[in-house]
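A, B, ... follow the sequence lines: proteins, then strands. Residue 1 opens every chain. Quantities reported herein were computed from a predicted structural model and do not represent experimental measurements.
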Amino acid sequence: MTEKKTATEGAEKKAPTNFIHQQIEAELAEGKNDGRVHTRFPPEPNGYLHIGHAKSICLNFGIAEKYNGLTNLRFDDTNPTKEETEYVDSIKADVRWLGFDWGDREYYASDYFDKLYEFAVTLINRGLAYVDFQSQEIISQQRGTPQRPGIDSPYRNTSPEENLMHFEKMRNGEYDEGHCVLRAKVDMASPNMHMRDPLMYRVLKKTHHRTGDKWCIYPMYDFAHGQSDYWEGITHSVCTLEFEIHRPLYDWFVDELKTDDYRPRQIEFSRLNLSYTVMSKRRLLELVQKKYVSGWDDPRMPTISGLRRRGYTPESIRKFSERIGVTKVDGVTDVALLEHAVREDLNKRAQRVMGVLNPLKVVITNFPEGKEEMNQAVNNPEDESMGKRSVPFSRELYIERDDFMEDPPRKFFRLAPGREVRLRYAYFITCNEVVKDENGEITELRCTYDPETKGGNAPDGRKVKATLHWVSAKHAVKAEVRLYDRLFNDPDPAGHKDVDFKEFLNPDSLTILSECYVEPFVKDAQPLDHFQFERIGYFNLDPESTPEKMRFNRTVSLRETWKKM
RNA sequence: UGACCCGUGGUGUAAUUGGCAACACGUCUGAUUUUGGUUCAGAAGAGUCCAGGUUCGAGCCCUGGCGGGUCAACCA
C-alpha cells in the first residue's frame with residue numbers, strides 16, 4: 001500500500017539542486033511573480049507515457065513541491081487526428097501511480113479553443129495574421145532554408161477586413177482541408193525558421209475527442225502552447241531541448257497577449273535516453289502496432305505501464321529520476337542506473353520466497369516416505385516486521401538445475417557428487433547418486449539428509465559452502481515465469497542513421513519458462529505483488545495470472561558476482 | 001556559407017559562482033553472511049574537447065578552433 005503514497009510525503013526536502021532550481025531561486029530572490037511557482041506537465045494524448053516522461057513529471061511536480069507551488073496536468077490536444085481518450089485515461093493513471101496529484105487542475109488545450117480563436121482575430125485586426133491560400137508545397141518553398149531567408153507570401157499584405165472574412169469562412173467550414181491556413185506575420189528573413197510566418201490554424205474536418213464537431217479548424221501546437229501556459233498562470237514552462245528554438249515564437253505570441261509584466265518563462269532540459277531501448281513515442285507506437293511487443297504495457301517496454309507490469313515500483317522510478325539529475329547535455333543513461341534503483345527499493349520491501357525456475361528432482365532417500373515437515377523461514381531479512389512463514393519439506397524436492405554440476409570447476413561450490421550443501425531453512429544434504437536417462441541427461445539426484453541439521457545448522461559446527469533454494473515437489477505451486485532481457489542488442493538502437501532501429505531487436509528478449517515451482521506461500525498473491533525469489537531475482541505476479549496458471553514476471557535479476565567460466 | 005544549444009572518469013551528475021575535481025552507478029579487491037543478495041572496508045579510473053588569453057590562481061571568465069545536437073511537419 002505504500003505505493004499509494006503521494007510524492008509529497010517523506011522528509012527529503014533537500015532534493016538535489018539542478019540548474020533549473022538555481023534559476024528559479026534566482027528569480028525568487030528578485031521577487032519575480034510575487035514568489036509564485038507554478039509548473040505544468042503537458043502531454044499530448046497520442047500515446048502512453050514512458051520513463052522519459054517520468055523524468056519530466058518528477059521534475060515538474062518536484063519543483064512545485066520544493067518551492068511550495070502547484071503543478072497542472074494539461075493535455076495538449078490540438079490535433080484530433082492522433083489523439084484519443086484511451087491515452088488521456090492511461091496518462092492520468094500513470095501520473096497518479098507515480099505518486100503525483102494535480103488536484104482539480106486538469107486542463108486541456110482544447111479548453112482554450114474559443115479564447116485562441118478570439119486571439120487569432122485580434123492578431124488579424126492588428127495586421128499580424130493572414131489567411132494564406134497557397135499550397136503546402138509553395139509555402140514550404142517560400143519559407144527558405146536555415147541558411148537562406150524566405151520570401152513573402154502574396155497574401156501577406158491582405159487587409160485585416162478581408163482576412164477576417166476568410167478566417168470566418170474557414171471556421172464555418174466553407175474551405176476544404178488544405179485549402180488555406182492562418183499564418184502569423186512575423187519575419188520571413190529570421191534566421192529562426194519558426195519565426196518565418198508560422199501557421200496558426202489549419203482546416204481539419206475531424207471530430208475532436210472533447211469538442212466533438214464544434215470546430216473544423218484547429219490551432220497548431222505552437223499557437224496554443226505558450227498561450228495555454230499564460231492563461232494558466234504558469235511561471236516556469238519546463239520542456240525538452242528541441243523546443244528551445246520555438247521559444248522566441250511563444251514569447252512573440254504572449255507578448256501580443258499579455259497585459260502586464262507576467263510571462264511564463266520557458267526552460268529547456270535534455271530528454272532522457274536510456275541505453276538498449278528506444279524512447280520516442282513514434283517508435284514505441286510502431287513496436288506496438290507491428291506486434292513486436294504485446295502492447296504498450298509489455299514488460300519490455302520503457303513505458304510507465306510496461307515498467308509497472310514488469311514490477312518496477314513508483315518509488316524506484318522517482319529515485320532514479322532524482323539520481324540522474326537535470327542538465328542540457330544530451331547523452332545516454334545506462335539502464336544499470338534504473339536497475340539499481342529497483343533492486344535497492346525491492347531489496348527493502350520484497351517478500352522473500354523460494355522458487356525453482358529450472359527444476360531438478362531430488363529424492364532424500366533417508367527421509368520417510370509420506371512424512372511432511374514445516375520449517376520457519378524469514379520473510380525479509382531487511383525488515384523484521386514482515387515476520388516469518390512456514391515452508392513445507394518432504395522426501396521429494398526440486399532444486400535449481402544450475403545448482404548441481406557433476407564435474408564442477410574449482411570456483412563452483414554448490415552441489416556435486418559426494419558434496420554436502422545446505423537447503424535453506426531445512427537440512428544439510430549430501431549427493432550420493434546421479435540418475436540419468438538413456439540420453440545421459442540428468443533426471444534425478446539421490447541424496448541423504450542429516451537429521452541433526454534441522455533448520456540449517458550442524459550441531460558439530462561443520463560448515464558448508466553453499467545454501468540452495470528448493471521447493472517440496474508435493475507442495476509446490478507450478479507457475480509460468482517470464483524472463484525479460486533488454487529489448488535491443490544495441491546500446492543506442494535509434495542512433496544509427498542508415499539502419500532501422502528494429503534491426504537491433506533482441507530475439508531473446510523474452511524467455512518463457514512454463515515449468516517452474518514456487519513454494520505454496522505465493523498462492524494468495526495479488527497481481528503486481530512483488531517477491532524476491534531467493535538467489536535469483538525480483539519477480540511480480542502478472543495481471544494476467546490466474547490461480548490455475550500463475551504467471552510471474554522477472555523484474556530484474558539479483559546482482560551476480562559469481563561468473564561461470 | 002546560417003542560427004541556437006551542449007562538451008567534466010566507462011555512464012549519469014556535482015564543484016560554496018575564480019581557490020589544489022566530489023557523489024552515484026558500473027568495475028575490481030577483501031571481510032561478514034543460512035540468498036555467490038544485502039551490509040561493511042578498500043582500490044583503480046577524469047586533471048575537466050583543443051589552443052591561446054585575463055588572473056596570484058580557471059572546469060568556471062574572454063577569444064579562436066574542434067566535436068556533437070537541434071531547426072526548413074497544415075505533428076507535438
Side-chain angles (χ1 to χ4, degrees), chain A residues 16-18 22 42-44 46-47 76-79 81-83 109 132 135-136 139-141 143-150 177-183 190-196 199-204 217-218 220-222 224-225 239 241-248 268 270 272 275 281-282 320 323-341 343-344 347-348 352 354 377-378 381-382 411-414 421-426 428 453 455-457 463-469 491 532-538 557-563:
Chain A
T17 168
N18 56 53
Q22 287 175 6
E44 182 192 12
N46 70 339
D76 268 319
D77 55 352
T78 55
N79 185 355
T81 63
K82 289 164 131 191
E83 296 148 6
D132 197 325
S135 70
Q136 194 171 158
I139 289 176
S140 170
Q141 275 172 30
R143 199 157 3 229
T145 70
Q147 290 87 347
R148 220 168 282 284
E177 286 187 16
H179 188 66
C180 54
V181 293
L182 183 71
R183 291 225 260 166
S190 171
N192 182 343
M193 296 294 289
H194 296 276
M195 300 299 269
R196 323 245 262 228
L199 269 60
M200 292 164 59
Y201 270 94
R202 76 284 214 193
V203 177
L204 243 32
I217 56 171
Y218 291 92
M220 299 293 291
Y221 173 85
D222 277 355
H225 193 77
C239 65
L241 253 27
E242 67 269 28
F243 292 104
E244 194 152 39
I245 197 117
H246 297 239
R247 193 172 62 212
E268 306 85 7
S270 55
L272 171 68
S275 60
K281 275 201 255 183
R282 196 207 94 215
F320 168 74
R323 290 232 178 92
I324 56 175
V326 180
T327 63
K328 302 186 74 153
V329 185
D330 70 323
V332 181
T333 298
D334 194 335
V335 271
L337 263 63
L338 219 208
E339 293 176 346
H340 173 261
R343 285 198 187 98
E344 186 182 45
N347 176 49
K348 285 181 298 192
R352 307 294 127 120
M354 292 193 283
V378 173
E382 305 295 317
K411 303 259 280 211
F412 183 90
F413 44 82
R414 279 111 98 147
V421 297
R422 169 168 41 231
L423 293 181
R424 186 139 159 100
Y425 299 126
F428 284 12
T453 59
N457 283 306
K463 302 285 184 206
V464 287
K465 292 207 71 175
T467 300
L468 309 188
H469 61 278
Q532 184 197 101
F533 287 9
E534 293 211 35
R535 305 208 305 134
I536 302 178
Y538 295 99
S557 66
L558 250 33
R559 240 172 119 242
E560 180 71 273
T561 51
W562 178 73
K563 287 158 201 97

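In this structure, A/M220 reaches the sugar-phosphate backbone alone: every heavy-atom distance under 4.0 Å involves primed, P, OP1 or OP2 atoms, never a base. Backbone-only engagement by A/E44 is indicated by non-hydrogen atom pairs under 4.0 Å involving sugar-phosphate atoms exclusively. Counting non-hydrogen atoms under 4.0 angstrom, A/D222 reaches nothing in the nucleic acid. Across all strands shown, A/H469 has no heavy atoms under 4.0 Å from either base or sugar-phosphate atoms. Within 4.0 Å (heavy atoms only), A/Y218 reaches no atom of the nucleic acid at all. Contacts of A/T81 with the nucleic acid, taken as non-hydrogen atoms under 4.0 Å apart, are absent.
Residue A/S140 places at least one side-chain N or O under 4.0 Å from the OP1 or OP2 atom of B/rA73. Put simply, A/R143 has a side-chain N or O that comes within less than 4.0 Å of OP1 or OP2 on B/rC74.
Regarding A/R202, its CZ atom lies at a distance of 7 Å from the C1' atom of B/rC75, rounded to whole Å. For A/E344 and B/rC23, the CD to C1' distance is 14 Å, given to the nearest whole Å. Going from atom NE2 of A/H246 over to atom C1' of B/rA72 covers 11 Å, rounded to whole Å. A/H340 places its NE2 atom 16 Å from the P atom of B/rC23, with the value rounded to the nearest Å. In this structure, A/Q141 atom CD and B/rA73 atom P are separated by 11 Å, rounded to whole Å. Between A/H225 atom NE2 and B/rC75 atom P there is a gap of 17 Å when expressed in whole angstrom units.
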Below 3.5 Å between N/O atoms, which protein atoms pair up with nucleotides 15-19 of chain B? Just atom names and distances, please.
{"residue": "B/rU17", "atom": "O4", "partner": "A/Q22", "partner atom": "OE1", "Å": "3.2"}

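When the salt bridge (Lys or Arg N to Asp or Glu O under 4.0 Å) test is applied to A/R196, no partner is found at least two apart in sequence or on another chain. In this structure A/D334 satisfies the side-chain hydrogen bond (donor to acceptor under 3.5 Å, both in side chains) test with no other residue, sequence neighbours excluded. Listed by chain and number, the residues in a side-chain hydrogen bond (donor to acceptor under 3.5 Å, both in side chains) with A/R535 are A/D403, A/H469 (sequence neighbours excluded). For A/E242, the salt bridge (Lys or Arg N to Asp or Glu O under 4.0 Å) criterion is met by A/R271, not counting sequence neighbours. Scanning for side-chain hydrogen bond (donor to acceptor under 3.5 Å, both in side chains) contacts around A/Y218 gives an empty result, with sequence neighbours left out. Under the rule for a side-chain hydrogen bond (donor to acceptor under 3.5 Å, both in side chains), the partners of A/T467 that lie at least two apart in sequence or sit in another chain are A/R422. With sequence neighbours left out, A/R247 forms a salt bridge (Lys or Arg N to Asp or Glu O under 4.0 Å) with A/E268. Under the ring-ring contact (aromatic ring centres under 6.0 Å, His included) criterion, A/Y201 pairs with A/F167, A/F223, not counting sequence neighbours.
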The contact string for nucleotides 36-43 of chain B, one letter per nucleotide 5' to 3', using protein heavy atoms under 4.0 Å with B, S and - for base, sugar-phosphate only and none, comes out as BBS-----
Spell out protein contact along nucleotides 1-12 of chain B as letters: B when the base is contacted, S when just the sugar-phosphate is, - when no protein heavy atom is under 4.0 Å; keep the 5' to 3' order. -BS-SS----SS
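Taking the C1' atom of each, B/rU16 and B/rA21 are spaced 14 Å apart, rounded to whole Å. Using C1' as the reference atom, B/rG57 and B/rG64 are 23 Å apart when rounded to the nearest Å. Rounded to a whole angstrom, the distance from the P atom of B/rA76 to that of B/rC71 is 15 Å. Taking the C1' atom of each, B/rA72 and B/rA46 are spaced 40 Å apart, rounded to whole Å. Atom name P, nucleotides B/rC23 and B/rC61: the rounded distance is 24 Å, in whole Å. Using P as the reference atom, B/rG65 and B/rC5 are 16 Å apart when rounded to the nearest Å.
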Nucleotide pairing, RNA chain B (Watson-Crick or G-U, distances under 3.5 Å), in dot-bracket with [ ] and |: .((((((..((((.....[..)))).(((((.......))))).....(((((..]....))))))))))).....
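In this structure, A/C180 and A/K463 both approach RNA chain B, and ranking their closest nucleotides by distance from the 5' end singles out A/K463.
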